[in-house]
Amino acid sequence: MMGESIIVNEREDKVDFDYTSYYINRELSWLAFNRRVLEEAEDTDNPVLERLKFLAITSSNLDEFFMVRVGSMKDQEKHGITTPENKAGMTPRQQLAAISVEAHNMVDRQYELLHQELIPLLASYGISFSKPEDLTEEQRAFLRTYFYERIYPVLTPMAVDASRPFPMLLNKSVNLAVMLESEKDGKSKVLFAVVQVPSVLPRYIQLPSQEGIAQFILLEDVICHYVDSLFRGNRILSVKPFRITRNADLTLDEEGAEDLLKEIQKELKKRRWGAAVRLEVTRDMDDYMKGILQESLEIESCDVYEVPGPLDLTFLMKFYSVPGYNELRYRSLPPQPPADFIGENNIFEAIAHKDILVHHPYESFDPVVHFVKQAAEDPNVLAIKQTLYRVSGDSPIVNALAKAAENGKQVTVLLELKARFDEENNIVWAKKLEKAGCHVIYGLVGLKTHCKVTLVVRQEGQKLARYVHLGTGNYNDSTARLYTDLGMFTCDEQFGIDASYMFNHLSGYSKTPKWKKIEAAPNGLRNKILQLIDNEIAKSTPEKPGHIILKMNALTDKKLIKALFKASVAGVQIDMIIRGICCLRPGIPGVSENIRVRSIVDRFLEHARIFYFQNGGDERVYLSSADWMTRNMERRVEIMFPVEVESLKKRVKEILSVQLQDNVKARVLDSQGIYTIIQPMEGEKRVHSQLHFHNVAVKNMKKIRQTPYMKQLKPKTHVEEV
């Protein structure tokens, strides 16, 4: 398709930016991203347990992709929708066919890598997985006791016959299909049954073994070995594991819901029992047994994935933490105290003194936690307002908000109940916060609140001061150690006014405000970005071309892509660092030849959104909670905020510069939609951006090792009268 000539609208003498060959299908682009994750499992420079972890991440990503994206397209196909998507022009049926080919190839490569490289490599370090028939007498005795004492009481055999229909099995659960032969009155009869492998039990069991050897066996292999104990009086003909993935896309009628929390709780129950969209079986399962499963689950042959086993490689994420073997994992890169906070004795004084930037996970997330904790304890703090999207299981921020309410402060929390796959966790927190006396808002009808904003209102003498934190990532202390994000603290009055506007807009009936500093979706953000791109075009000259640098997780919005095409045609140089989905094809002559796209996949998940515009020399730098996706522009509450202090602007530009130089973990996208790993040229310095940022944080810490540490920051307990 890329060999076809460019389509030109002769009447306007402009390139037709709607031509489908200029775009990459969203779903196929996502699969290409997951292929890049798989490449990290293939990378022999990574320690073997890290390679296993990337293999687990690849599987976990595929699970979510099938539950949400494939599930949604299956629904479209079921309802007879044949409308092509608006970029690459593929119908739901065409997309499903292309996904099936690529997903099958990816899964085949996963298991090839596991069995041909990673398992033998583990064995060389004394780590192995065994089958029951390979065990010693001592190990068999151990396993028999373990089975009858710790596994057998939990198991439930489920017969399938005329009076007992095929059981409704949990989404993503591993199960055993069992064929039995029963003898009655001298006649034999073949029966079928199912045994669910309990998810409440560890997926793997460590066996007694000689020193220096770590030997494991999978839970399903143990159950298979002793399955006859569940069907006494019958002969076991065959027992094989299988796994179902179900459609888990929530469908909410928010307009008609009297209580959104209860409505989501109802939908969460349905998620477990959605229609099956994928069936995974072991390659040695016979056709008869496979046919029973396909018919019972109403699964097409193209949705059956036959693998050599084991099923569900996500268990490798836990196996990654097997005790010992630290040499088989990355060396630790502990977060450092944030450079801009070092030397400060009071968190509010520090923010009042200057805007402060924090770069996670290289710099600690502690200041964000302390900001809320100290606000909760400070008697001069009157109110705390915060948006929450995804929080950790035992969130210190949520606990601090509850404490603040108990201390009599006005606490408002906008907690997004519709954060996919975190709904249950957020419902628990919502109830806890309400019980503590917080005013909890569940978001706006039809929108997800995805922006990251905290506002602290503090009495200082005769006036009120507003302290604000704005970020690109979630208020989640756990993921802040794994995701790269940026956060900014400010006491700037106009940011404070905007933060107040934001919360009043979200909690009341006020119209969209006229912002002082920020811009927000769904009303205004896309238009602001389009204005910035048009402005870059207007200020670009052949002698000094405009320059745009964009870092984000995904680019899918057609209106924004077309604006970037327009800028490229006008000679603006565009560099993009996009971790995941990119629907734009770069490097097409006359269309996107001035656009370059790269993706960085590494030990930390690239998550920050940074937008740079050269602006004729008067540079503009923005941070945002939003990717350039249609959902972010139209169906989410998002913010984009400027970085205006020159020292902070310089830091952000340096982050972009280093990532554009990365030649260790970066891949470059070509006009055919193919990503190629960058190889350093002979004599060229290796630039590993994530390692570089960690080293910078360590270097900054060493410079000022004797200065007070962030944890010593304390809130004022009184304020001098002015």
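What you see is a predicted model, and the numbers here were worked out from it, not measured in a lab. Positions are given from 1 along the sequence.
The side chain to side chain donor-acceptor pair (under 3.5 Å) search around His694 returns none, not counting sequence neighbours. Partners of Lys665 under the salt bridge (Lys or Arg N to Asp or Glu O under 4.0 Å) rule, at least two apart in sequence or in another chain, are Glu40, Asp43.
Considering every non-hydrogen atom in both Glu50 and Tyr330, the closest pair reads OE2-N, 2.8 Å. Between Tyr675 and Gly580, the shortest heavy-atom contact is OH-O, 4.0 Å. Taking every heavy atom of both residues into account, Phe503 and Val453 meet most closely at CZ-O, 3.6 Å.
Taking 4.5 Å as the limit, some side-chain heavy atom of Leu564 sits within range of a side-chain heavy atom of Leu555. With a 4.5 Å cut-off on side-chain heavy atoms, Asp602 and His688 count as touching.
Each of Ile578, Leu623, Ile577 was evaluated against Lys551; a single residue qualifies, Ile577, per the side chain to side chain contact (heavy atoms under 4.5 Å, CB included) test. Here the options are Val368, Val468, Leu470, the test is side chain to side chain contact (heavy atoms under 4.5 Å, CB included), and the partner is Phe489; only Val368 passes. Each of Val687, Ile655, Ile549 was compared with Leu660 under the side chain to side chain contact (heavy atoms under 4.5 Å, CB included) criterion, and only Ile549 meets it.
Judged by the 6.0 Å and 45° rule, Arg620 forms no cation-pi pair with Tyr612. Note that Arg481 lies outside the cation-pi zone of Phe365, set by a 6.0 Å cut-off to the ring centre and a 45° limit from the axis.
For Lys558, the NZ atom counts as densely surrounded, since its 6.0 Å shell holds more than 12 non-hydrogen atoms of other residues, nucleotides or ligands. Glu406 CD: more than 12 foreign heavy atoms inside a 6.0 Å radius.
Ring pair Phe604/His360: centre-to-centre distance not below 6.0 Å.
In this structure, Trp515 CH2 and Tyr501 OH are separated by 9.0 Å, a value rounded to the nearest 0.5 Å.
Using cut-offs of 30° and 60° on the angle between ring planes, the pair Tyr483 and His607 is tilted.
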